[in-house]
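Here is the structure we will look at.
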Protein chains: 2
Amino acid sequence: MRRPVKRPTMKDVARAAGVSPMTVSRVVSGEPGVAPSTAARVEQAVRKLGYQRNDNARHLRQKNLGTSTIGLVVDDLANPFYALMARSVEDEAHRRGYVVLVGSTNDEPRREREVIAAFTARQVDGLILVPTNGGHGFLKQPMAAGTRVVCVDRPGKGLDVDTVTVDNRAGAQRAVTHLLGHGHTRIAYLGDRFDIWTQAERFSGYRDALAAHGVPVDEDLVRHGLRTRESAGAAIGSLRELPDPPTALFTSNDLITLGALDAADRTAPLALVGFDDLPLAERLDPPLTVVSQDPVALGGTAANVLFSRIGGDSSAPRSVVLLTRFLVRASGESGARAPGR
Amino acid sequence: MRRPVKRPTMKDVARAAGVSPMTVSRVVSGEPGVAPSTAARVEQAVRKLGYQRNDNARHLRQKNLGTSTIGLVVDDLANPFYALMARSVEDEAHRRGYVVLVGSTNDEPRREREVIAAFTARQVDGLILVPTNGGHGFLKQPMAAGTRVVCVDRPGKGLDVDTVTVDNRAGAQRAVTHLLGHGHTRIAYLGDRFDIWTQAERFSGYRDALAAHGVPVDEDLVRHGLRTRESAGAAIGSLRELPDPPTALFTSNDLITLGALDAADRTAPLALVGFDDLPLAERLDPPLTVVSQDPVALGGTAANVLFSRIGGDSSAPRSVVLLTRFLVRASGESGARAPGR
DNA sequence: ATGAAAGCGCTAACAT
DNA sequence: ATGTTAGCGCTTTCAT
């Protein structure tokens, strides 16, 4: 097995250029006070040896400058919503010369803790976090030591930090109100795990809308804990077999909307409004009405808040709430059995 | 502005536990040769101070162990295809106790170089790379110094490293052959930048299929350089205005397929087969026929190859080609003006 | 079983 | 303008 060539260090460059390591340091870091001729010699040695500064060693010594690394911890990086958020965070980081460590929690507190521990052990300057429902006591010490934390998409239970979310409750209420406005009263709620903050909020919006119209919540029409596209489809099936089945559906995230579409019955369609837009929503028959949120804005805002904290802003934690948009296409108006108001 | 509390170091723990830093190091790193009673005292001090080991300092000293960090450099993390790949890479990394730095290149060689430089400066043990079309000379020195590199999705020009791709050319050929089999001879090609390897390959597959059927390539029907959903839609418009317009479309990636669907004319539909599956492909009217590739398998395979290299495998670079699947639904058979064979 | 000394690669602080 | 010394937080090596 071929031995890897040792990485050249400043000492090596210094020897090759006939100067001291300190001079190399100055040149490599673009600091003033080096004669142009000396700098040229150093730069030549750098090129000749293919030298690149070891930033880990650098950051170890420079205590006040940080590591120019942030961590991004999301529920699931494969989810297009979080992927868009991640890209947006990455762009903001790149602009500022930062790099981004990413990790997915799968909404498991244990994995969240592992991922965050691995990040803080590497001295990240900040963390953008889609928190799980678990405790976050392990963040206390890193935060006291200066690691900045921003929550995004959901607040962290017991975490007094900046938080960027959308108006989940109002968005859901608007969607369900739309359905009510079209004469539906048997409206099913299909949601992910209820212990996920956004889901609880959206369910509250569902209840709000029904209450405002004097429609009681029928627990038979409520399904929580739908984690997959398949399980959502299955839930629709069971809903159909009810003695008094729903005429309309409110689906509480993109995955569930997809599942509902899979299970859709063209001969007896249900009205449908979903949370989260989908790339082909307008090409469906009928075009899909949705509550749309902007992951790029969420990620970008969270990143900006984080970098302002890293930059020294130590005012009281803020809570930023971005607005959802309600995109009326057609699926909320249809439904074979929708009473003709 | 509140002064951040200094992070406790091993020295602090050592003092609190009444031992030497070396003993703390042994306990924290789970090394043998510490009396249980001593270890207990150290662990208590660790908890009391909220001590966490600084892994950057650790890795600086332990030259043979690496940093347990890999870098993932993709074209665009927001693209669901690369997002899925990223998640898959992250899972493999997490299983092994590694963390992942991510970066998007936007297919710009300059940004690719910046991102990779930032990663290697942080001493990543390996790099999974969706290379741009630029040169990669800057990788030579890090690779000589032991940084492992694996290319995924595309080979890197002049990079003699492990590469994981799919059979783009055969997949495209199959798709176009399908169209030809349904009587189409005026088949348009809509692709992204031709200097992207996958796009060139898919275009070759398009030509192969036509050639095998004795159909000449009509340059009027070929559109390269479609970077956005919108531009793809616009291209369809210009295609329709041709004196002898196409009856069928082959779209060379998901974004372009989406654009083609946006521009679809229900009164005069064109047959359509696309590269890359879409979440709602089967719910469209007509259901969309596609060449499907598996980003999770791509990412997982690339990660496995990388970790086997990091683990010491120094055999000659391999080239792994995964197979695409051709999912026949219906959009390749329809088309108002498809000659009735 | 425990500790002291040295040094990983770099830079702050202080010479010269 | 350049160099020397010390030390960031940790672990290797070699005592004891």
Side-chain angles (χ1 to χ4, degrees), chain A residues 4 6-43 45-46 49-68 120-123 125 141-142 145-146, chain B residues 4-43 45-46 49-68 120-123 141-142 145-146:
Chain A
K6 193 178 95 60
R7 280 180 159 75
T9 69
M10 278 191 177
K11 225 192 256 178
D12 299 320
V13 177
R15 197 177 309 121
V19 296
S20 80
M22 198 53 231
T23 300
V24 177
S25 174
R26 291 194 176 99
V27 173
V28 167
S29 299
E31 267 167 36
V34 180
S37 64
T38 313
R41 272 188 10 255
V42 169
E43 270 154 13
V46 163
L49 299 182
Y51 171 77
Q52 189 186 22
R53 186 177 59 197
N54 180 334
D55 276 353
N56 286 346
R58 169 168 221 237
H59 297 138
L60 178 61
R61 189 61 175 89
Q62 291 193 324
K63 291 278 69 181
N64 40 347
L65 278 197
T67 56
S68 294
T120 54
R122 285 170 179 76
Q123 316 297 110
D125 297 334
Q141 171 60 35
Chain B
V5 177
K6 192 180 95 60
R7 281 182 159 75
T9 69
M10 279 192 177
K11 226 193 256 180
D12 300 319
V13 177
R15 195 177 310 119
V19 296
S20 80
M22 199 50 233
T23 299
V24 177
S25 173
R26 291 193 176 99
V27 173
V28 167
S29 299
E31 267 167 35
V34 179
S37 63
T38 313
R41 269 183 17 250
V42 169
E43 270 155 12
V46 163
L49 299 182
Y51 171 76
Q52 189 186 21
R53 185 178 58 197
N54 179 334
D55 276 354
N56 286 347
R58 168 170 220 234
H59 297 136
L60 179 61
R61 191 62 176 89
Q62 290 192 325
K63 290 279 68 182
N64 40 347
L65 278 197
T67 56
S68 294
T120 54
R122 286 170 178 77
Q123 315 296 111
Q141 171 61 35

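Numbers restart at 1 for each chain; the letters A, B, ... are given by sequence-line order, proteins then strands. Heavy-atom basis, side chains included; hydrogens, waters and symmetry copies ignored.
- Between A:P142 and B:R7 the shortest heavy-atom distance is O-NH2, 4.3 Å.
- One finds the CG atom of B:D55 at 12.0 Å from the CG atom of B:L60 (value rounded to the nearest 0.5 Å).
- Nearest nucleotide to the B:S20 side chain, out of D:dT11, C:dA4, D:dG9: C:dA4.
- Residue A:T9 holds its OG1 atom at 13.5 Å from CD of A:Q52, rounded to the nearest 0.5 Å.
- The side chain of B:T9 places no N or O atom within less than 4.0 Å of a non-bridging phosphate oxygen (OP1 or OP2) of D:dG9.
- Axis angle between the ends of the helix from C:dA1-D:dT16 to C:dT16-D:dA1, five pairs each and rounded to 10 degrees, works out to 40°.
- Distances shorter than 4.0 Å separate some side-chain N or O of B:T23 from OP1 or OP2 on C:dG3.
- For the OP1/OP2 pair of D:dG9 and a distance below 4.0 Å, the side-chain nitrogens and oxygens of B:Y51 include no atom meeting the criterion.
- A side-chain N or O of A:S29 and one of A:R53 form a donor-acceptor pair less than 3.5 Å apart.
- In terms of phosphate contacts, B:Q62 brings no side-chain nitrogen or oxygen within less than 4.0 Å of OP1 or OP2 of D:dC10.
- Atom CD of residue B:Q123 and atom NZ of residue B:K63 lie 6.0 Å apart, to the nearest 0.5 angstrom.
- Atom CD in A:Q141 sits 11.0 Å away from atom OH in B:Y51 (nearest 0.5 Å).
- The minimum heavy-atom distance linking A:V42 with A:V13 is given by the pair O-CG1, 4.2 Å.
- Nearest heavy-atom pair across B:A14 and B:P21 is CB-N, 3.6 Å.
- Looking at A:R61, its side chain comes within 3.5 Å of the base of D:dG7 through a donor and an acceptor atom.
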Can you give me the N/O atom pairs linking the protein to nucleotides 13-15 of chain D at distances under 3.5 Å, or say none if there are none?
none

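- Using a 4.0 Å cut-off on heavy atoms, the residues of residues 28-40 of chain A that approach DNA chain D are A:G33, A:V34, A:A35, A:T38, listed by number.
- Neither OP1 nor OP2 of D:dC10 sits under 4.0 Å from any side-chain N or O of B:S25.
- Atom OG1 in A:T67 sits 12.0 Å away from atom CZ in A:R58 (nearest 0.5 Å).
- The side chain of A:L60 lies closest to C:dG9 when the candidates are C:dG9, C:dC8, C:dC10.
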